[in-house]
Amino acid sequence: MQILVRDNNVDQALRALKKKLQREGVYREMKLRRHYEKPSEKRAREKAAAVRRARKMDRKRAERDGAK
């Protein structure tokens with residue numbers, strides 16, 4: 001990952017770096033790796049996330065179809 005510093009503006013470059021890290025999911029990954037997670041807990045967490053994504057997609061699809 002590379003961030004360009006323009007005109008010695010380190011604050012702007014730092015903000016850009018943080019935004020890139022956030023988009024890449026690095027912060028979420030670090031938070032998950034702070035403690036050991038049992039494989040069964042990992043499966044349950046990932047399944048719950050998949051259910052949330054599916055429900056969100058259904059809501060968006062229903063909203064889009066209802067608007068037409």
Side-chain angles (χ1 to χ4, degrees):
M1 190 175 295
Q2 185 176 13
I3 302 292
L4 298 175
V5 179
R6 296 189 184 118
D7 301 328
N8 282 336
N9 193 347
V10 177
D11 293 331
Q12 184 179 7
L14 194 58
R15 276 199 310 271
L17 175 65
K18 287 180 180 179
K19 190 179 284 188
K20 271 192 178 184
L21 290 173
Q22 181 74 31
R23 244 186 270 131
E24 295 281 326
V26 174
Y27 291 128
R28 189 180 314 118
E29 184 81 17
M30 285 183 349
K31 183 180 175 186
L32 287 173
R33 288 177 183 257
R34 280 192 188 134
H35 302 286
Y36 177 73
E37 184 178 31
K38 290 171 37 178
S40 60
E41 292 172 347
K42 181 178 178 182
R43 277 193 306 273
R45 179 179 49 80
E46 289 176 348
K47 186 172 182 175
V51 168
R52 278 194 303 274
R53 281 194 310 271
R55 286 182 181 160
K56 185 176 181 180
M57 293 263 302
D58 289 342
R59 277 196 310 271
K60 285 190 174 199
R61 189 176 299 119
E63 181 180 307
R64 188 176 55 233
D65 292 344
K68 288 183 181 178

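Source: prediction; values computed, not measured.
Within 6.0 Å of atom CZ in R45, more than 12 heavy atoms from other residues, nucleotides or ligands are found, so the atom counts as buried in its surroundings. Within a 6.0 Å radius of CG in N8, no more than 12 heavy atoms belonging to other residues, nucleotides or ligands are found.
Residues P39 and K42 have side chains not in contact (no heavy-atom distance under 4.5 Å, counting atoms from C-beta outward). Within the 4.5 Å cutoff, the side chain of L17 has heavy atoms near those of the M1 side chain.
To the nearest 0.5 Å, atoms CG (L21) and CE (M30) are separated by 8.0 Å. With rounding to the nearest 0.5 Å, the separation of NZ in K56 from CZ in R61 is 13.5 Å. Distance check: E63 CD to D58 CG gives 12.5 Å after rounding to the nearest 0.5 Å. Note: K18 NZ to I3 CD1 = 12.5 Å, rounded to the nearest 0.5 Å.
Salt-bridge annotation for E29 and R33: present, with a side-chain N of the basic residue lying under 4.0 Å from a carboxylate O of the acidic one.
In this structure, K20 contributes its side chain and Q2 its backbone to a donor-acceptor pair below 3.5 Å. Judged by distance alone, the side chain of E41 and the main-chain N or O of K38 form a donor-acceptor pair under 3.5 Å.
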